[in-house]
K.L.:
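Sending over a structure as structure tokens; questions will come in a sec.
Predicted, not measured: the structure shown is a model, and the values here were computed from it.
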Amino acid sequence: MGFLKEFKEFAMRGSVLDLAVGVVIGGAFGKIVSSLVDDVIMPPIGYITGGVDFSSLKYVITEADAVAGVEEVAIKYGNFANVIIQFLIIAFCIFLVIKGINSFNKKEESTPAAPPAPSKEETLLSEIRDILKNK
């Protein structure tokens with residue numbers, strides 16, 4: 001029974017719950033960004049480039065042969081370009097969120113304190129040094 005109790009304490013910790021919420025929201029946000037890239041950003045880019053659909057761009061290494069039962073082997077660089085664009089959008093959004101959080105948490109920087117006044121001994125030694133320098 002101790003194992004289950006220990007697991008329950010671990011799972012109910014604030015940081016674990018925060019992480020779970022972050023993962024769920026991140027997954028949903030990833031779907032939104034995927035739709036944004038696939039449905040909003042890439043069609044105009046495809047139109048500008050003459051109707052090229054980036055997700056279907058690929059370099060075929062081995063053609064498919066249905067008779068021999070061989071599947072196509074290809075490098076899908078168009079899909080890779082879509083994923084890179086999605087990553088850049090997500091990274092930019094996270095940057096904006098972190099920047100916003102940091103601006104709320106930013107504490108006013110106080111002016112640096114003036115250096116302490118020299119002690120009597122230091123003042124006396126400075127005067128002696130100046131007298132000896134003038135001789």
K.L.:
Looking at Leu88, Ile89, Leu96, which hits side-chain contact (heavy atoms from CB on, under 4.5 Å) with Phe92?
P.N.:
Leu96
K.L.:
Does Val73 reach the side chain of Val60, with side-chain heavy atoms less than 4.5 Å apart?
P.N.:
no
K.L.:
Linking Ile, Leu, Val, Met, Phe, Trp and Tyr through side-chain heavy atoms less than 4.5 Å apart, which residues share a cluster with Leu132?
P.N.:
Leu124, Ile128
K.L.:
Side chain of Ser35, backbone of Lys31: donor and acceptor closer than 3.5 Å?
P.N.:
no
K.L.:
Is there a path from Ile85 to Phe80 through hydrophobic residues (I, L, V, M, F, W, Y) whose side chains come within less than 4.5 Å of each other?
P.N.:
no
K.L.:
For the residue pair Tyr77 and Tyr59, what are the closest heavy atoms and their distance?
P.N.:
CE2-N, 3.8 Å
K.L.:
Counting C-beta onward and ignoring hydrogens, is there a side-chain heavy-atom pair between Phe29 and Val33 closer than 4.5 Å?
P.N.:
yes
K.L.:
Locate the shortest heavy-atom distance separating Glu72 from Ala64; write the atom from each residue and the value.
P.N.:
N-CB, 3.6 Å
K.L.:
Please find the pair of heavy atoms, one from Glu63 and one from Val70, that lie closest to each other, and give the distance.
P.N.:
O-CG1, 4.2 Å
K.L.:
Kindly compute the distance separating CD (Glu122) from CZ (Arg129), expressed to the nearest 0.5 Å.
P.N.:
11.0 Å
K.L.:
Can you tell me how far apart OG (Ser119) and CG (Leu125) are? Round to the nearest 0.5 Å.
P.N.:
8.0 Å
